[in-house]
Amino acid sequence: MAEIILLTGKAAPLPGSDQKSGIDKRPVDRPLALGPEGFSGDEQADRRVHGGPEKAVHHYPFDHYAAWREELGLLRPAEPPGVSHPRTPVEYLESREIRGLLDAPGAFGENISTRGLTEADVAVGDIFRLGSALVQVSQGRQPCWKLNRRFGVETMARRVQESGRTGWYYRVLEPGIVAPGDRLELVDRVAPDWTLRRLWHALYVDRLNLGELQGIAALDILAEGWRRYAVRRLESGRVEDWSKRLEGSA
């Protein structure tokens, strides 16, 4: 299966905001302990919405980077990207410099980067051996406004959501040690029909499909917060407002 690049980061002030972020992840060159709350040394600034047992590890496919380089290369960002602790100095005001952010993994705050696995391949509940740890896909990623600051593109979070190129999270079933270059080995599939692509389509495209919402609400292996979205839509007949998450505040 897929060989991983392992990344972690520290929480640091996010330029243009009074909040901190741990979005700037960097590759590590040594083994790390992985426990229920994530990798040793990795930080998330706002623990209300980032991190925790159902978001212990974030996986973003490097397969998506080429599409983002092409799409963002056509834009001129509204403001400089909010890199938590800057990489090599670049001005970030030209499209070629946005592409530079996408030359290597870490642009989306991921802990794991791979090639060959995307949301179309991976399903909720899939169990993987990662180093000596055992992890399980718990939910997709709901992008937030910090991506807008990261890329200097005020609609970046919404673009990620609408593209379906969101990445996903794992919960940790068995703690262990993970090293760069370890392989993500599929062990079991609990709900193979519920790919992350299907889940994304139900929540963000065909948003009031009663059959799909009922299936999501009954999908016990899915993180509880995501099942609640389905339950609320079934009860109210309405889709929740995403503007605060996607647009945030200055």
Check for a donor-acceptor pair, side chain of [X] on one end and backbone N or O of [Y] on the other, with a separation under 3.5 Å.
X      : Y      : value
Asn148 : Leu246 : yes
Asp126 : Ala123 : yes
Lys146 : Lys20  : yes
Gln139 : Ala223 : no
Trp168 : Val122 : no
Arg227 : Ala218 : no
Ser138 : Glu54  : yes
Thr166 : Gly140 : no
Glu119 : Arg165 : no

Could you state the interatomic distance from [atom1] ([X]) to [atom2] ([Y]), rounded to the nearest 0.5 Å?
X      : Y      : atom1 : atom2 : value
Arg207 : His201 : CZ    : NE2   : 11.0 Å
Leu213 : Leu203 : CG    : CG    : 7.5 Å
Leu101 : Asp24  : CG    : CG    : 8.0 Å
Gln136 : Leu130 : CD    : CG    : 14.0 Å
Tyr60  : Leu117 : OH    : CG    : 14.0 Å
Arg69  : Leu102 : CZ    : CG    : 6.5 Å

Closest non-hydrogen atom pair, [X] against [Y]:
X      : Y      : value
Ala191 : Leu219 : CB-CD1, 4.0 Å
Val190 : Gly125 : CG2-O, 3.4 Å
Trp200 : Ser163 : CZ2-C, 4.0 Å
Val172 : Pro36  : CB-CA, 4.1 Å
Pro143 : Ala157 : CG-O, 3.4 Å
Pro175 : Gly35  : CB-CA, 4.2 Å

Does the side chain of [X] reach to within under 4.5 Å of the side chain of [Y], using non-hydrogen atoms?
X      : Y      : answer
Glu3   : Asp182 : no
Val135 : Ile127 : no
Tyr169 : Arg141 : yes
Leu196 : Val124 : yes
Arg171 : Ile221 : yes
Ile216 : Trp226 : no
Leu72  : Phe151 : yes
Thr195 : Asp121 : no

Verdict with reasoning, Leu134 to Val187, per side-chain contact (heavy atoms from CB on, under 4.5 Å): CA-CA 9 Å; Leu134 196 67; Val187 173; 4.1 Å; yes
Output side-chain donor-acceptor pairs under 3.5 Å for residues 109-116, partner residues at least two apart or in another chain, one line each.
residue: Glu110; atom: OE1; partner: Phe108; partner atom: N; Å: 3.0
residue: Glu110; atom: OE2; partner: Tyr65; partner atom: OH; Å: 2.5
residue: Glu110; atom: OE2; partner: Gly106; partner atom: N; Å: 3.0
residue: Asn111; atom: OD1; partner: His58; partner atom: N; Å: 3.0
residue: Asn111; atom: ND2; partner: Leu7; partner atom: O; Å: 3.2
residue: Asn111; atom: ND2; partner: Asp42; partner atom: OD2; Å: 3.0
residue: Thr114; atom: OG1; partner: His59; partner atom: NE2; Å: 2.8

side-chain contact (heavy atoms from CB on, under 4.5 Å) between Glu185 and Phe128, worked out: CA-CA 5 Å; Glu185 301 283 352; Phe128 293 89; 6.0 Å; no
Residues Arg232 and Ser236: side-chain donor-acceptor under 3.5 angstrom: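 Their side chains do not contain a donor-acceptor pair, so the 3.5 Å distance test is not met.
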No-hydrogen, no-angle side-chain donor-acceptor test under 3.5 Å, Tyr229 and Gln142: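 Short answer, yes.
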Aromatic ring proximity Tyr204/Trp242, centre distance under 6.0 Å: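 Yes - the distance between ring centres of Tyr204 and Trp242 falls below the 6.0 Å cut-off.
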May I ask whether [X] and [Y] are part of the same hydrophobic cluster, defined by side-chain heavy atoms of I, L, V, M, F, W, Y residues being less than 4.5 angstrom apart, directly or through others?
X      : Y      : answer
Leu186 : Leu184 : yes
Phe39  : Val28  : yes
Ile177 : Tyr170 : no

Worked verdict on Val57 versus Val178 for side-chain contact (heavy atoms from CB on, under 4.5 Å): CA-CA 12 Å; Val57 178; Val178 182; over 6 Å; no
Test log, rule side-chain contact (heavy atoms from CB on, under 4.5 Å), inputs Arg26 and Thr8: CA-CA 6 Å; Arg26 307 297 184 89; Thr8 63; over 6 Å; no
Sequence neighbours excluded, every pair satisfying salt bridge (charged side-chain N to carboxylate O under 4.0 Å, His left out) that has a member inside residues 190-199: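 Residue pairs with at least one partner in residues 190-199: Arg198-Glu212.
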Contacts of type salt bridge (charged side-chain N to carboxylate O under 4.0 Å, His left out), residue Glu174, not counting sequence neighbours: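 Glu174: salt bridge (charged side-chain N to carboxylate O under 4.0 Å, His left out) contacts with Arg129.
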Salt bridge flag under 4.0 Å for residues Arg233 and Glu240: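 Here Arg233 pairs with Glu240 in a salt bridge, since their nearest N and O are under 4.0 Å apart.
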